[in-house]
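Here is the structure we will look at.
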2 protein chains.
Amino acid sequence: MKNPLGMAVLGLLLESPLHPHAMAATLRERGMDRAFKVTTGSLYDVVRALMREGWIEARETVKVGARPERTIYQLTAAGQEEFTRWVDRLVREPQAEFPKFLSAVSYLGALGPAGAVEALRERAERLRASTEEVRREHLSALQQVPRLFVIEVEYAERMAEAELGWVEEIIGEIESGELGWPE
Amino acid sequence: MKNPLGMAVLGLLLESPLHPHAMAATLRERGMDRAFKVTTGSLYDVVRALMREGWIEARETVKVGARPERTIYQLTAAGQEEFTRWVDRLVREPQAEFPKFLSAVSYLGALGPAGAVEALRERAERLRASTEEVRREHLSALQQVPRLFVIEVEYAERMAEAELGWVEEIIGEIESGELGWPE
DNA sequence: CTCCGATCGCTCGGTTCCGAGTATTTGATG
DNA sequence: CATCAAATACTCGGAACCGAGCGATCGGAG
C-alpha cells in the first residue's frame, strides 16, 4: 500500500460510502486530480488492496438496469485510524522524489547555451499560463469552501513560483555569460 | 520509453561505452541518483528498451573468469539525436507531477491543528537536515567540476527552500489562528 | 592459507500500473 | 422518435517496476 490514491479513497469514504466510479468522479469534481493521479485501472486495484488490508469493506452491490454492478464500499474502524496515520506519515517524512525536470536539468548542458535558453523560455511561458489558470480556479474555489480545504493549492502555487523564479534566473545567467558553458 | 533513467543511460553512453553495472555505479558516484531513480531491475529493463528502439547497441560481451558476462553497450547515431530531443522535451514541457507531500497536504485538516503543527514541525526539521547535507556535498562538488555540471542541485536546493518556507509559514498561521480550522 | 565481508554483475518473478476496450443508459437535438 | 454524444461502471492484459536472490571473485585479517 504505497499508492497515495489509497489515501484519497479513505479520505472520501470518511464522508460517505461510495462506489469506485463515484470516487473518481468526486475527486475530479473537487480538482483533487491535481494532487492524486486518478486513473480508473489503478483505482480498482487500490480499492482491492484496501479491502485486503481490512481498511474498507463492501457494503452492498447494487444493480441498476443492465449496467455493470456498483459495489459500494465503506470505511472500517481500522481504515479510519490508518487514514490519519497515513496523512501524518506523509507530512512528517519527506520522500525522495524524482521530478522529470530535475532529471532534464541534470543534462541541461547537452542543449548548448542557445538551445537551453530557448527551451527554458518556453517552459517559463507554459508555467506562467498554467499557474494563471490554477490561480483563477483557486480564487473561485475559495468563494465556496474554507481555505483549509484547498490549502494544497497554495502549496502548489508557491512551488510553481519558485520554479519559475529559478528558470528565469538561469535564463538570465546564461545570457549574461555568468553561467559558463564548458566543453 | 518514459522512464527518465533511459535518458541518464544515453547521457552516460555519450561519454563512453559501458555495461549496465558500471552505469549504475557511475550514476551513484556522481550523485545523480538524487535526480534519477537508479534501481538495478529497472536499469536492465530500460537498457533492453533502448536496444529495441535502436538508440543503443551491444558492442561486445566480455567474460572475465566465471563471473556473469558483461555486455558493453554504446550509443547509436539515432541515440545521440534522441538524447538531445529527450532533454529538450522535458525542459520545455512541464509534466504533471504528484509529489506525496501534495497529496498529504490535501488532507492536512485530518490531523487537527495541534497534530498538523507537530507533524509539520518534524518535516521542517528533516528538511533542514537534508538540505544542509546536500549543500555541503554541493559545495565540495563545485571544487571539482564546473557549475553547469551540478546545476540541478541548485534547482533542488531552491525548491527545498521554497517548501521549507511554506511549511514554516503555515505552522505560524495555524498557531496564530489565522488559518481557520472548520468542522 | 583460509575465512569473511564487500564487490561484481545480472536474473527472476511477483506486484503494480494503467489505458484501451466493452456495454449500457441517459439526455439533448433535429 | 431517431440519432448521437456524454455519462455510467468496470474488466482486462500487456507493460513497467523493482528488490530479493544468486553465484562468483577479490582483498585483507588472523
Side-chain angles (χ1 to χ4, degrees), chain A residues 1-9 12-13 17-30 33 36-53 55-56 58-73 86 95-100 103, chain B residues 1-9 12-13 17-29 33 35-53 55-56 58-73 86 95-100 103:
Chain A
M1 278 291 18
K2 311 187 65 192
N3 194 331
L5 188 55
M7 190 178 76
V9 168
L12 283 178
L13 295 189
L18 288 173
H19 52 105
H21 185 78
M23 297 174 197
T26 309
L27 286 173
R28 294 207 180 93
E29 258 173 44
R30 300 193 185 168
D33 54 345
F36 297 92
K37 183 155 200 174
V38 182
T39 40
T40 50
S42 303
L43 179 60
Y44 288 87
D45 287 344
V46 155
V47 164
R48 214 167 299 134
L50 293 174
M51 282 270 280
R52 260 204 318 274
E53 301 288 337
W55 297 334
I56 66 175
R59 182 196 180 161
E60 53 178 335
T61 298
V62 183
K63 180 141 180 115
V64 179
R67 285 193 221 167
E69 296 180 343
R70 298 182 308 179
T71 301
I72 297 176
Y73 297 91
W86 201 335
Q95 307 280 315
E97 312 259 4
F98 303 89
K100 311 236 192 273
S103 308
Chain B
M1 276 292 18
K2 312 186 65 188
N3 193 331
L5 188 54
M7 191 177 74
V9 168
L12 283 178
L13 295 189
L18 288 173
H19 52 105
H21 185 79
M23 296 173 196
T26 309
L27 286 173
R28 294 206 180 94
E29 258 172 44
D33 53 345
F36 297 92
K37 184 157 200 173
V38 182
T39 42
T40 51
S42 304
L43 179 59
Y44 288 87
D45 287 344
V46 155
V47 164
R48 215 167 299 135
L50 293 174
M51 282 270 281
R52 261 203 317 273
E53 301 288 337
W55 296 335
I56 64 175
R59 182 198 180 159
E60 52 177 334
T61 296
V62 183
K63 183 143 178 117
V64 179
R67 284 194 220 168
E69 296 180 343
R70 297 181 310 178
T71 302
I72 297 176
Y73 298 90
W86 202 334
Q95 307 281 314
E97 312 259 4
F98 303 89
K100 312 234 189 275
S103 310

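Order of the sequence lines fixes the chain letters, A, B, ..., with proteins taken first and strands second; residue numbering starts at 1 for each chain. Heavy atoms only: backbone and side chains are in, while hydrogens, waters and symmetry mates are out. The model shown is predicted, which means the values in this text are computed figures rather than measured ones.
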May I ask you to verify whether the side chain of B:Asp45 and the base of D:dC18 hold a donor-acceptor pair under 3.5 Å? yes

Minimum heavy-atom separation for [X] to [Y], with atom names?
{"X": "B:Val46", "Y": "B:Gly6", "result": "CG1-CA, 3.5 Å"}
{"X": "A:Val38", "Y": "A:Arg28", "result": "O-NH2, 3.3 Å"}
{"X": "A:Phe98", "Y": "B:Asp33", "result": "CE2-O, 3.5 Å"}

Whole angstrom is fine here: how far is it from [atom1] in [X] over to [atom2] in [N]?
{"X": "A:Arg70", "N": "C:dT24", "atom1": "CZ", "atom2": "P", "result": "17 Å"}
{"X": "A:Leu43", "N": "C:dG19", "atom1": "CG", "atom2": "P", "result": "13 Å"}
{"X": "A:Leu5", "N": "C:dT16", "atom1": "CG", "atom2": "P", "result": "13 Å"}
{"X": "A:Glu29", "N": "D:dA6", "atom1": "CD", "atom2": "C1'", "result": "15 Å"}
{"X": "B:Met23", "N": "C:dC8", "atom1": "CE", "atom2": "C1'", "result": "15 Å"}
{"X": "B:Arg28", "N": "C:dT7", "atom1": "CZ", "atom2": "C1'", "result": "12 Å"}

Does a side-chain N or O from [X] land closer than 4.0 Å to OP1 or OP2 of [N], or not?
{"X": "A:Asn3", "N": "C:dT16", "result": "no"}
{"X": "B:Thr39", "N": "D:dG19", "result": "no"}
{"X": "A:His19", "N": "D:dA9", "result": "yes"}

Whichever of B:Arg52 and A:Gly41 has the more 5' nearest nucleotide on DNA chain D, that residue is A:Gly41

Answer with base, sugar-phosphate or nothing: what part of the nucleic acid does A:Thr61 contact at a heavy-atom distance below 4.0 Å? nothing

Just to be sure I understand the rule, does B:Lys37 reach a base, reach only the sugar-phosphate, or reach nothing, if contact means heavy atoms closer than 4.0 Å?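 Result for B:Lys37 = sugar-phosphate.
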
Counting side-chain heavy atoms from CB outward, which of [options] is closest to [X]?
{"X": "B:Thr40", "options": "C:dC8, C:dC17, C:dT11", "answer": "C:dT11"}
{"X": "B:Tyr44", "options": "D:dC18, C:dC10, D:dC10", "answer": "C:dC10"}
{"X": "B:Ser42", "options": "C:dC8, D:dC18, D:dC10", "answer": "D:dC18"}

- Enter the distance from A:Met7:CE to A:Leu50:CG here, rounded to the nearest 0.5 Å.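 A:Met7 CE to A:Leu50 CG: 12.0 Å, rounded to 0.5 Å.
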
Note to self: For A:Glu97, run the side chain to side chain contact (heavy atoms under 4.5 Å, CB included) check against B:Lys37, B:Glu97, B:Lys100 and tell me which one passes.
What the structure shows: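 Of B:Lys37, B:Glu97, B:Lys100, side chain to side chain contact (heavy atoms under 4.5 Å, CB included) with A:Glu97 is met by B:Lys100 alone.
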
